[in-house]
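See structure below.
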Amino acid sequence: MSQDRTPRPAAVVVLAAGEGTRMRSATPKVLHAVGGRTLVSHAVAAAEQLHPEHLVVVVGHGRDAVQAHLAASAPSVQTAVQDEQRGTGHAVQCALAELPELTGTVVVTYGDVPLLTGETLRALVAARADEGNAVTVLTASLADPGGYGRVLRDADGSVVAIVEEKDATAEQRAVREINSGIYAFDIAALRDGLARITTDNSQGELYLTDVLGLARSDGKRVGALALDDRWQTEGVNDRVQLAALHRELNRRTVEHWMRAGVTVIDPATTWVDVDVTLEPDVLLEPNVLLRGATRVAGGAQVGPNCTLVDTSVGAGAVLTNTTSLGADVGPEATVGPYTYLRPGTRLGRGAKVGGFVEMKAAVVGDGSKVPHLSYVGDAEIGAGVNIGAATVFVNYDGVEKHRIVVGDHARVGSDTMLIAPVTIGDGAYTAAGSVITQDVPPGAMAVARGKQRNVEGWVERRRAGSPAAAAAAAARSRDGGGGPEAASGAAGGAGTDQADDTAYDDQGRPDR
Ligand code: UD1
Ligand code: CA
């Protein structure tokens, strides 16, 4: 049945009140995440594909955290509180108590089955409607059905009842078809059954499953939709299952993108969150994590070894060994290796950000380059700019952050300190090693560093007998100079200073 013809259910109820003891976690089980989404958000996303009139999540353990999460991420979702976990039947009673009188279909699903798709839920709703069943249950056949409720069918294959493992006979336990716990109910049959279930079972709980047996003994039709894909009905009970389901979800996500035209060199080390979007002809190298709302446009190459969170990558861009949080990388830009882009960074078309560069809230114009070893924070860099190696945008005075503007086609010399707030005009230059504290007008060359002095002959006089002194003497005799005294008298270009023989130690520190 096509999507449009699937009847719209009156309600979807997501059971999520259980404690999840085996997770051994301070975090409620359904708030653990796979593929960049919490388990309960996966359930809500699948349910939303049915466009139900009401979507109710039953919360209990850790309910404040779960309710807060849902209020923030899915505000249209209602919650119902189940204070004491008295069984799945009781949980559905709690949900129905929050809803008005309804007619039609109620879907019941779990908050801890992250691979269940909206498509499967639609097929379940359609199967119930097509067959006119009071309830249709989603089932799977497992090699090891241990722990699950078993689906009991009669000779003609119709479903008679579900029996919990703890209540089952040896013969019933041999049944391999299990109850997924996911159902589409006719709401009248559901209400009628829930009013009659009892705690007369080995666990003393109100079993939702008993509603099926009651409907059947009332002469109503009970059906099953058997699913071949066991992953979709598998729940998370512990962290081993969490990892297994995460890996399988990721395998499916990566396969989806490969079929959509993305080249993935190593699917096993490529992790793509479910909300990521990739265009055809993206290339993903090994060890790539694409998280959150990351988007990568066609022809871009990412990896190896990249983590991109909420990052947008333009067509044809190339990123290697990069960590990027909330950045926007323009088309044809190149980033990496060992580059860290932080929120608010926007790189223009063809921009280049090279090795060991960190950026935060930096807007970089088209074709501009920050190739080596720089920190660029709170900056606006125009087009066609070159930022020399080891430049630091000194944006923080210890109290406040200030902005730095670099105009189009400016060239900032290597090892420049740009002290914010400051503006480098269009086409201006700064000399290497400058500490720039004042605005530089367009086209000016700013020089802000000590004047160089050469103390001629210093090494031969003050470090006599050292390899450096020997090398200096050899160079001098090769070049036809006199003794060190003569050298000290030679005319030096930059600030030659004969009187200063003892003024400096090896590191240029004042010698004392
Ligand atoms: C239930 C089914 C079983 C099925 C299995 C599939 C019943 C009686 N049994 O068993 O047939 O094979 O699921 O996983 O329904 N929950 C609540 N409130 C409660 C109890 C449970 O919200 O009072 C929620 C849990 O958070 C969980 C889900 O319902 O998400 C299933 O509960 P769980 O205790 O795991 O059910 P099982 O006993 O495993
Ligand atoms: Ca379970």
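In listed order, ligands and their atoms are each counted from 1. Remember, it's a predicted structure, so these values are computed and weren't measured experimentally.
Polar contact check, Q203 against ligand 1: no nitrogen or oxygen pair lies under 3.5 Å apart. An N or O contact shorter than 3.5 Å is missing between G181 and ligand 1 by distance. Considering backbone and side-chain N/O of Q82, one or more are found under 3.5 Å from N/O of ligand 1. Note: an N/O pair closer than 3.5 Å links G18 and ligand 1 by distance alone. Taking only nitrogen or oxygen atoms, main chain and side chain alike, L208 does not reach within less than 3.5 Å of ligand 1.
Numbered from 1 in the order shown, with element, the atoms of ligand 1 that lie under 4.0 Å from a heavy atom of T88 read 7 (C), 8 (C), 15 (O), 20 (C), 21 (C), 29 (O). When each atom of ligand 1 is checked for a heavy atom of D112 under 4.0 Å away, the hits are 30 (O). Taking a cut-off of under 4.0 Å to the non-hydrogen atoms of L15, the atoms of ligand 1 that pass are 22 (O), 24 (C), 29 (O), 30 (O). Heavy-atom contacts of E164 reach the following atoms of ligand 1: 2 (C), 3 (C), 7 (C), 8 (C), 9 (N), 10 (O), 11 (O) (cutoff under 4.0 Å). Below 4.0 Å from some heavy atom of S180 lie the following atoms of ligand 1, by number and element: 6 (C).
Around the CZ atom of R346, the shell of radius 6.0 Å holds no more than 12 heavy atoms that belong to other residues, nucleotides or ligands. More than 12 non-hydrogen atoms from other residues, nucleotides or ligands lie less than 6.0 angstrom from CD of E131. Annotation for D228: atom CG does not count as buried by contact number, only 12 or fewer foreign heavy atoms lying within 6.0 Å. Heavy atoms from other residues, nucleotides or ligands lying under 6.0 Å from CZ of R216 number more than 12.
The shortest heavy-atom distance from T209 to ligand 1 is under 4.0 Å. Using a non-hydrogen distance threshold of 4.0 Å, R86 registers as a contact of ligand 1. G60 does not count as a contact of ligand 1, since none of its heavy atoms falls under 4.0 Å from the ligand. Contact analysis puts A16 in contact with ligand 1, with a non-hydrogen atom separation below 4.0 angstrom.
A side-chain donor-acceptor contact under 3.5 Å links R173 to the backbone of E165. Proximity of a side-chain donor or acceptor of R153 to a complementary backbone N or O of V159 within less than 3.5 Å is not detected.
Among A95, A91, A43, G87, the residue whose heavy atom sits closest to atom 23 (O) of ligand 1 is G87.
At a heavy-atom distance under 4.0 Å, no atom of K29 approaches ligand 1. Contacts with ligand 1 closer than 4.0 Å are made by side-chain heavy atoms of Y110 only, the backbone lying farther away.
N133 and R221 form a side-chain donor-acceptor contact under 3.5 Å, judged by distance and modelled atom types alone.
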Using the rule given for side-chain hydrogen bond (donor to acceptor under 3.5 Å, both in side chains), can you reason through E98 versus H54, listing the C-alpha separation, both sets of side-chain angles and the distance that settles it, and then say yes or no?
CA-CA 10 Å; E98 296 291 320; H54 302 273; over 6 Å; no
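Closest non-hydrogen pair, C306 versus N321, comes out as SG-N, 3.5 Å. Counting all heavy atoms, side chain and backbone alike, L308 lies closest to V313 at CD1-CG2, 3.9 Å.
In this structure, Y338 and F356 have parallel ring planes: the angle between them is below the 30° cut-off, well short of the 60° mark.
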